[in-house]
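Single-structure report; data block below.
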Amino acid sequence: QLQLVESGGGLVQAGGSLRLSCAASGRTFSRYAMGWFRQAPGKEREFVAAVSWSGDSTYYADSVKGRFTISRDNAKNTVYLQMNSLKPEDTAVYYCAAPMNAYSSGSYSQRTWYDYWGQGTQVTVSS
């Protein structure tokens with residue numbers, strides 16, 4: 001079983017920055033791709049960013065490309081989401097996620113590809 005715990009959310013003004021962290025435990029973290037999703041009130045959970053298990057490849061939703069950066073530190077079993085130039089439309093609960101299978105790749109942007117989810121951390125961007 002994999003446990004994921006997000007942190008780093010909060011209230012920030014438009015144009016500001018936040019860095020989210022997701023600490024993993026229970027499996028060999030370095031073997032698994034990791035993703036970030038978000039869900040705003042009344043909306044579907046949507047893909048934000050993902051990083052391959054090797055860390056060599058990253059993927060982003062068009063809405064955050066150029067503003068958000070995903071990274072991983074395998075020594076700390078942690079994946080990060082650096083969010084810059086935040087906009088009010090970035091307001092949502094942010095979740096990190098991992099797939100069931102080690103060394104898997106492919107459907108990074110698909111919510112159904114992921115099996116493990118954290119509890120989420122709230123990000124609120126004021127205008």
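What you see is a predicted model; the values in this text were computed from it and never measured.
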To the nearest 0.5 Å, what is the distance between [atom1] ([X]) and [atom2] ([Y])?
| X | Y | atom1 | atom2 | value |
| --- | --- | --- | --- | --- |
| Arg72 | Ser54 | CZ | OG | 8.0 Å |
| Lys65 | Thr58 | NZ | OG1 | 9.5 Å |
| Gln119 | Cys96 | CD | SG | 7.5 Å |
| Tyr80 | Ser7 | OH | OG | 9.0 Å |

Closest heavy-atom pair and its distance - [X], [Y]:
| X | Y | answer |
| --- | --- | --- |
| Leu18 | Leu86 | N-CD1, 3.9 Å |
| Ala50 | Tyr114 | CB-OH, 3.7 Å |
| Asp73 | Phe29 | O-CE2, 4.1 Å |
| Ser104 | Pro99 | OG-CG, 3.6 Å |

Check: [Y] and [X] side chains under 4.5 Å, non-hydrogen atoms:
| X | Y | answer |
| --- | --- | --- |
| Leu2 | Tyr32 | no |
| Tyr108 | Val51 | no |
| Gln39 | Tyr95 | yes |
| Met83 | Trp36 | no |
| Leu4 | Met34 | yes |
| Arg38 | Leu81 | no |
| Gln1 | Tyr116 | yes |
| Ser127 | Pro88 | yes |

May I ask you to check if Arg111 and Phe37 form a cation-pi contact, with NZ or CZ under 6.0 angstrom from the six-membered ring centre and within 45° of the axis?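 The answer is no, since Arg111 fails at least one limit relative to Phe37.
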So, [X] side chain and [Y] main chain: donor-acceptor pair closer than 3.5 Å or not?
| X | Y | value |
| --- | --- | --- |
| Arg27 | Ala102 | no |
| Gln13 | Ser126 | no |
| Glu6 | Leu20 | no |

In the hydrophobic cluster built from side-chain contacts under 4.5 Å, what are the other members alongside Tyr103?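 Members besides Tyr103, by chain and number: Trp53.
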From CA spacing to verdict: side chain to side chain contact (heavy atoms under 4.5 Å, CB included), Thr91, Gln122: CA-CA 8 Å; Thr91 295; Gln122 176 71 47; 4.0 Å; yes
Could you walk me through whether Tyr60 and Ile70 pass the side chain to side chain contact (heavy atoms under 4.5 Å, CB included) test, one step at a time? CA-CA 9 Å; Tyr60 296 95; Ile70 188 171; 3.5 Å; yes
Salt bridge Asp90-Lys87, side-chain N to carboxylate O under 4.0 Å: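 Salt bridge: no.
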Test of understanding: clusters of I, L, V, M, F, W, Y form through side-chain heavy atoms closer than 4.5 Å, transitively. Do Val64 and Val123 belong to the same one?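 The answer is yes; both residues are in one hydrophobic cluster.
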Among the clusters formed by ILVMFWY side chains lying less than 4.5 Å apart, do Tyr94 and Val12 turn up in the same one?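 Shared cluster, yes.
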Centroid separation under 6.0 Å, is that true for the rings of Tyr59 and Phe47?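 No, the ring centres sit 6.0 Å or more apart.
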Would you say that more than 12 heavy atoms from the other residues, nucleotides or ligands in this model lie under 6.0 Å from the NZ of Lys43, or not?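 Counting other residues, nucleotides and ligands, NZ of Lys43 stays at 12 neighbours or fewer.
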